[in-house]
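Residue numbering restarts at 1 for every chain, and letters A, B, ... go by the order of the sequence lines.
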Number of protein chains: 2
Amino acid sequence: MNGILKIDQTDRKIIEILQSNGKITNAKLSEKIGLSPAPTLERVKKLEQNGLIESYHAQVDMDKIGVGVKTFVKVSLKGINKTNIETFLDKIKEIDEVIECHHTTGSGDFMLKVVAKDINAYQKVMLDKVSEIEVVDSLQSMVILSTLKNSKVIPFPH
Amino acid sequence: MNGILKIDQTDRKIIEILQSNGKITNAKLSEKIGLSPAPTLERVKKLEQNGLIESYHAQVDMDKIGVGVKTFVKVSLKGINKTNIETFLDKIKEIDEVIECHHTTGSGDFMLKVVAKDINAYQKVMLDKVSEIEVVDSLQSMVILSTLKNSKVIPFPH
DNA sequence: GTTGAAAGATGAGCTTT
DNA sequence: AAAGCTCATCTTTCAAC
């Protein structure tokens with residue numbers, strides 16, 4: 001098995017539609033792409049089996065569930081080596097409030113996205129959980145004032 | 001109508017499950033939360049109508065669709081005022097490769113998440129599209145080397 | 001691509017608290 | 001009254017042709 005997956009224009013359309021509406025029925029999806037339901041479903045299943053479509057998720061309104069603080073946090077480690085990164089990761093994965101963690105180039109080593117009820121709760125997460133990780137050197141927080149775009153549709157490279 | 005929504009423990013469970021699996025059937029969801037299908041569905045519908053659940057999305061494997069470059073970009077504007085922000089936003093919304101745009105505190109004014117096929121395509125997006133926006137002052141890119149956590153489940157504040 | 005059986009969704013009316 | 005349950009009907013899925 002090689003890593004090359006043949007994806008035609010129809011598959012692209014399917015992926016685009018399912019990204020913007022993960023709950024569309026197969027019947028409506030098939031209409032939109034101009035195929036009958038059976039082959040449409042077959043394509044979707046194949047995309048899921050290939051791992052090209054990974055999963056489906058509901059998106060919630062954070063304000064409405066009481067999440068008032070969202071931040072980006074730039075994290076530098078005390079020396080970047082495999083052991084330190086492993087240690088950091090193991091701990092980060094345990095912290096529910098850290099919803100994203102990316103290893104990046106640039107002045108910081110990692111970029112986190114962190115959510116919390118309010119500034120107090122946020123401070124508590126950062127002090128009690130993130131700062132407590134031994135290998136963490138410095139932290140720089142940027143509070144999100146508002147989110148102006150949050151597209152769930154990844155554009156296809158042509 | 002006031003803004004207060006009563007959400008009990010069952011609703012929370014529903015929201016948590018639908019965030020991690022947006023395509024679970026109502027039958028299975030009802031099992032998990034310990035209700036019969038009808039009231040379960042009723043609750044889900046109410047959460048959707050309240051806007052607490054905003055939407056459903058398929059998540060794709062970016063590598064497999066040929067998206068090789070993901071970055072965070074810190075953007076500073078030439079003076080931060082309503083007009084400049086409006087101008088910036090209108091243009092940013094048109095750029096498909098910019099999948100997120102957040103207004104933040106800190107040294108930069110905005111944080112973008114940008115995706116592209118490769119470094120060349122990325123450079124092209126940044127030079128031809130983002131840099132071209134009149135009000136943009138400075139840009140600072142951080143390339144994502146790897147994503148170590150990307151949770152779609154927002155933890156409920158208690 | 002079409003058809004049909006099985007699974008799931010969903011509304012009406014009944015029961016419980 | 002508010003929430004949940006059961007049943008009957010309609011829709012969707014999905015495998016066989």
Protein-nucleotide distance ([X], atom [atom1]; [N], atom [atom2]), rounded to Å:
| X | N | atom1 | atom2 | answer |
| --- | --- | --- | --- | --- |
| B/L41 | C/dA7 | CG | P | 20 Å |
| B/E42 | C/dG13 | CD | C1' | 13 Å |
| B/K46 | C/dT10 | NZ | P | 16 Å |
| A/K45 | D/dT13 | NZ | P | 9 Å |

Choosing from D/dT13, C/dT10, D/dG4, which nucleotide comes nearest the side chain of B/R43?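 Ranking D/dT13, C/dT10, D/dG4 by closest atom to the B/R43 side chain puts D/dG4 first.
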
B/A38 has a side chain; which of C/dG1, D/dC14, D/dT6 sits nearest to it?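 Closest nucleotide to the B/A38 side chain: D/dT6.
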
Under 3.5 Å, is there a donor-acceptor pair between the A/Q59 and A/H57 side chains?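 There is no such pair (donor and acceptor under 3.5 Å, judged by atom type) between the side chains of A/Q59 and A/H57.
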
For DNA chain C, determine which residues of residues 15-32 of chain A have any heavy atom closer than 4.0 angstrom to one of its atoms, and list them numerically.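 Nothing qualifies; none.
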
Reckon B/L35 touches a base, only the sugar-phosphate, or nothing at all at heavy-atom distances under 4.0 Å?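 Sugar-phosphate contact only.
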
NZ/NE/NH1/NH2 to OD/OE distance under 4.0 Å, A/E132 and A/K91: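 Between A/K91 and A/E132 there is no salt bridge, as every charged N stays at least 4.0 Å from the carboxylate O atoms.
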
Under-4.0 Å salt bridge between B/E54 and A/K64: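 No salt bridge links B/E54 with A/K64.
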
Take the angle between the ring planes of B/F72 and A/F72 and call it parallel below 30°, perpendicular above 60°, tilted in between.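 Plane angle over 60°, so perpendicular.
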
Can you list, pair by pair, the side-chain donor-acceptor contacts under 3.5 Å of residues 41-48 of chain B, counting residues two or more places apart and other chains?
residue : atom : partner : partner atom : Å
B/R43   : NH1  : B/D8    : OD1          : 3.0
B/R43   : NH1  : B/D8    : OD2          : 3.2
B/R43   : NH1  : B/D11   : OD1          : 2.9
B/R43   : NH2  : B/D8    : OD2          : 3.1
B/E48   : OE2  : B/Y56   : OH           : 2.7

With the side chain counted from C-beta on, respond yes when A/K70 and A/M62 share a heavy-atom pair under 4.5 Å apart, and no when they do not.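 A/K70 vs A/M62: side chains touch.
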
